[in-house]
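Nothing here was measured: the structure is a model prediction, and the numbers come from that model.
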Amino acid sequence: MERIKRIPLFIIAAVLVGLKTYLVYRFYFNLSIESIFQEIILFINAFAFSFFVFSIGVWFKERRQKKFIYITTIAMTFIVIANLMYYRNFTDFITLPTLMQVNNAGDLGGSMLSLVHIEDIFLILDVALIFYFAKKEAFPIDAFSTMFKRRIITVGLSVLALNLVLAEIERPMLFKRGFDREYLVKNVGLFTFHGYDAVITASMQSKRLFADGSEFNEIEEYVDNKVTDTKKADQKVDLKGIAEGKNIVYIAVESMQQFVINREVNGEEVTPFLNDLIQDSYYFDNYYHQTALGKTSDHEFLLDNSLYPLPNSAAFFTHAQNEYYALPEIINEEKNYQSYVFHANNASFWNRNVMYETLGYNQFFDVESYEFTKEDNIGWGLNDKMFFEQSVDILKEQQDPYYAKFITLTNHFPFDIPESEASLPLYESDSVTLNQYFQTVRYTDEAIKEFFDKMKEEGMYEDTIFILGGDHYGVPSYHNEELGEYLGKEITPYEDAKLQRVPFIIHIPGHDGDRTISTLVGQIDYKPTVLNLLGINLNEDIRFGSNMFNEPKDRKDFIAFRDGRVIGTEHSYAGGVCYDNETGKQVEEVNCEPLREKASKELNYSDEIIYGDLLRFYDFETGKVTKTEEEK
């Protein structure tokens with residue numbers, strides 16, 4: 001016991017914080033551990049950074065050493081807890097650019113409270129112990145010799161180096177695969193990941209400064225040859241120009257996943273209206289959301305630009321001043337369409353008031369455009385039924401033809417709804433999130449039905465083409481055990497990837513050629529699909545999606561995600577494993593290598609366009625790079 005009491009406090013603090021970090025990795029985050037080797041690396045990286053950081057304190061005098069231990073303990077605990085709260089909502093880790101989005105936090109409210117669990121009290125026990133030991137002087141805080149200081153720092157650096165070596169062995173070229181944040185955290189730890197993220201962020205910010213347009217040649221060649229060679233494309237369904245002269249309404253259905261379609265809870269349909277609408281529409285049942293940290297704003301970015309979201313930030317925040325050639329701008333120039341957005345949230349949320357102007361929208365009807373009281377709120381704001389009712393009144397006063405985007409709000413995490421407003425019996429499982437999700441989905445389904453009814457009443461239905469799409473997942477992977485029980489199957493990484501499908505419906509009043517289409521498609525394909533419906537040919541456009549109605553043989557054979565997953569037509573890569581789509585079974589990783597290479601190349605090209613603001617050098621009429629920075 002006496003020998004233990006002689007251990008310096010900085011080592012005790014390093015062990016306690018390291019242990020907490022490991023327990024969070026292992027039992028709080030939903031990290032997939034596939035081997036003993038991965039378990040060993042996870043254990044080492046939890047302690048490696050902790051020991052290194054606390055060992056820096058030995059260079060301070062006793063009083064400052066104690067203060068350093070206090071500050072370091074609190075800072076590391078804050079980082080761990082903040083990431084845990086973020087992970088429970090987004091199944092991801094905080095990046096530096098995410099911190100630029102803190103003005104979004106004002107609308108989180110009950111969402112944040114729902115992310116706190118009773119067991120989280122254990123995450124501050126080490127803090128209490130360290131402060132107690134320091135106050136009682138249970139462990140020494142000494143003025144160490146120079147030799148001891150050098151040895152401790154050497155040991156700390158050696159452990160960090162060992163962690164990096166083991167990580168490279170387990171996952172070669174790990175830092176080249178930075179888009180897979182889970183692998184980074186599993187292999188090098190949360191704190192090293194944040195250091196890596198800071199370096200990458202600084203590097204990305206400098207790309208615009210040094211871009212001169214010469215980077216475009218390779219990208220343009222790729223897009224021409226691999227994406228937009230539409231002259232040879234056969235269409236599964238030829239709807240070119242069917243929307244010309246008609247109004248187009250797009251409904252972004254908040255957090256709507258495809259698994260609720262045509263399913264029941266307690267013997268009742270979850271989405272009775274959408275189920276009926278699908279029977280009279282084109283329904284894409286293999287349509288994936290491809291959003292990342294920007295969630296709904298990423299979905300909008302994908303749809304309007306056919307570019308991918310950024311890997312560690314939301315383009316709506318970090319690159320709102322870029323030059324884009326977005327859908328609203330194009331349809332205004334080509335067909336004189338006005339574009340409107342309806343969303344009963346703050347104009348500054350996701351920086352929409354700035355980004356919408358950049359993208360070419362004519363008007364944004366935000367929360368100030370609606371009349372309601374607090375009693376009319378459900379969850380994050382105005383309930384969807386009142387939102388649609390008032391929006392139609394606003395819409396009928398606008399100029400035709402128009403493209404109108406409606407963004408719903410009620411079906412938003414944590415899916416709170418008053419009992420008096422819930423028309424679906426509460427599902428019963430160990431996941432409150434999943435239980436409430438079904439009820440808010442049903443409410444939004446009812447709201448959409450009322451919207452269609454009012455459009456008919458106002459005489460606005462027949463001349464409108466309606467498009468409905470889920471913006472991103474609703475139930476985080478954190479709840480996969482309970483969701484698996486509902487679906488009657490185990491949620492493997494492959495099944496979790498398949499759960500990223502969201503509904504996508506195109507309803508054309510009076511059109512009798514409706515059907516379900518199972519072509520592999522994603523949000524990246526929205527822009528060229530709408531342009532095709534309007535009969536607009538853009539051979540010089542820079543985009544990474546193609547018309548959803550093209551025959552599968554004339555489309556890319558993969559859907560890329562920002563987290564490293566790739567869905568292919570025959571194989572899929574998820575959770576570090578390659579799967580056969582037909583059987584859902586694991587196969588040799590070599591089967592997925594071509595998919596991963598193509599996805600990585602396309603994601604990198606998209607990043608180069610956004611980070612370098614390369615579209616400012618591109619003339620969309622001639623399809624040529626017009627000026628380099630030097631020529632300007």
Side-chain angles (χ1 to χ4, degrees), residues 90 92-93 95 97-98 171 173-184 193 196-197 200-201 203-205 207-208 211 215-228 288-295 297-316 318-319 322 324 472 497 500 520-528 541-546 555-569 571-576 578 592-615:
F90 300 104
D92 210 333
F93 303 96
T95 64
T98 306
R171 182 60 53 174
M173 298 181 67
L174 176 66
F175 289 102
K176 293 291 184 180
R177 309 180 189 200
F179 56 84
D180 194 337
R181 284 179 285 277
E182 179 174 320
Y183 269 108
L184 284 168
F193 158 71
Y196 165 81
D197 173 58
I200 291 299
T201 299
S203 173
M204 293 300 101
Q205 292 297 327
K207 283 197 171 185
R208 188 185 192 281
E215 304 90 342
F216 227 112
N217 295 330
E218 185 179 338
I219 298 173
E220 186 180 19
E221 182 180 356
Y222 172 84
V223 170
D224 287 343
N225 295 331
K226 302 295 184 182
V227 183
T228 60
Y288 287 83
H289 87 83
Q290 295 169 278
T291 66
L293 299 179
K295 301 301 283 293
S297 74
D298 278 354
H299 137 272
E300 295 184 74
F301 186 79
L302 276 152
L303 267 55
D304 284 339
N305 298 291
S306 196
L307 297 173
Y308 289 98
L310 294 175
N312 61 351
S313 62
F316 263 49
T318 58
H319 294 79
N322 274 21
Y324 298 104
H472 52 73
Q500 306 316 305
L520 178 64
V521 292
Q523 291 171 334
I524 199 77
D525 300 310
Y526 178 87
K527 174 184 173 183
D541 192 16
I542 299 297
R543 61 177 186 255
F544 294 99
S546 54
R555 289 181 44 80
K556 293 178 300 182
D557 61 351
F558 67 92
I559 291 293
F561 298 86
R562 286 267 49 154
D563 60 7
R565 292 184 289 190
V566 188
I567 299 291
T569 52
H571 297 94
S572 297
Y573 185 80
C578 185
C592 287
E593 281 303 320
L595 282 176
R596 297 178 65 200
E597 289 175 7
K598 287 186 284 189
S600 179
K601 175 180 286 189
E602 194 159 292
L603 290 168
N604 287 336
Y605 282 153
S606 181
D607 289 348
E608 285 188 40
I609 290 172
I610 300 167
Y611 287 130
D613 192 10
L614 298 185
L615 295 182

- Examine distances only and state if a side-chain atom of Q290 and a backbone atom of I524 form a donor-acceptor pair shorter than 3.5 Å. yes

- Min side-chain heavy-atom separation R555-L520 under 4.5 Å: no

- Which residues satisfy the side-chain hydrogen bond (donor to acceptor under 3.5 Å, both in side chains) test with Q523, sequence neighbours excluded? none

- Message: Going by ring pair (Phe, Tyr, Trp, His ring centres under 6.0 Å), name the residues that satisfy it together with F316, two or more places apart in sequence or in a different chain.
- Response: none

- Message: Main chain of E597, side chain of S600: is a donor-acceptor contact present, judged purely on distance under 3.5 Å?
- Response: no

- Query: Donor-acceptor pair, N322 side chain versus I610 backbone, under 3.5 Å?
  - Reply: yes

- Is the shortest heavy-atom distance from the side chain of Y605 to the side chain of F544 under 4.5 Å? yes

- Query: Minimum heavy-atom separation for K598 to Y222, with atom names?
  - Reply: O-OH, 4.4 Å

- Item | Residues which pass side-chain hydrogen bond (donor to acceptor under 3.5 Å, both in side chains) with D613, listed by chain and number, not counting sequence neighbours | R208

- Message: Please enumerate all residues that pass salt bridge (charged side-chain N to carboxylate O under 4.0 Å, His left out) together with E602, with sequence neighbours excluded.
- Response: K556

- Query: What is the minimum heavy-atom distance between S306 and G545, and which atoms define it?
  - Reply: OG-N, 2.9 Å

- Just how far is it from atom OG1 of T291 to atom CZ of F301, taken to the nearest 0.5 Å? 13.0 Å

- Where do Y288 and V521 land on the side chain to side chain contact (heavy atoms under 4.5 Å, CB included) test, with the steps shown first? CA-CA 6 Å; Y288 287 83; V521 292; over 6 Å; no

- Could you give the distance from CZ (R543) to OH (Y526), rounded to the nearest 0.5 Å? 14.5 Å

- CD1 on I542 to CG on L614, rounded to 0.5 Å: 10.0 Å

- Message: To the nearest 0.5 Å, what is the distance between OH on Y573 and CG on L595?
- Response: 11.5 Å

- Item | Gap between atom CG of N604 and atom CD1 of I609 - 0.5 Å precision | 11.5 Å

- Message: Between D197 (side chain only) and F193 (backbone N and O only), is there a donor and an acceptor less than 3.5 Å apart?
- Response: no

- For Y324, what residues pass the side-chain hydrogen bond (donor to acceptor under 3.5 Å, both in side chains) criterion, not counting sequence neighbours? none

- Query: Heavy-atom distance under 4.5 Å between the side chains of E220 and D224, does that happen here?
  - Reply: yes

- Output for pair (L310 CG, L603 CG), nearest 0.5 Å, gives 10.5 Å

- Item | Distance-minimising heavy-atom pair for N312 and L293 | C-CD1, 3.5 Å

- With sequence neighbours left out, what residues match D304 under salt bridge (charged side-chain N to carboxylate O under 4.0 Å, His left out)? K405

- Note on the structure: Between G575 and R565, the two heavy atoms sitting closest are N-CG, 4.5 Å

- Note on the structure: Sorted by chain and residue number, the salt bridge (charged side-chain N to carboxylate O under 4.0 Å, His left out) partners of K527 (sequence neighbours excluded) come out as D541

- Note on the structure: Correct closest heavy-atom pair for T318 and S313 would be OG1-OG, 3.5 Å

- Validation row: I559, H289 side chains within 4.5 angstrom (heavy atoms): no

- Residue list, side chain to side chain contact (heavy atoms under 4.5 Å, CB included) with A599, at least two apart or on another chain: F558, A560, V566

- Message: I need the minimum non-hydrogen distance between D298 and A315, along with the two atoms involved.
- Response: OD1-N, 4.5 Å

- By side-chain hydrogen bond (donor to acceptor under 3.5 Å, both in side chains) - contacts of S572 (at least two apart): N581

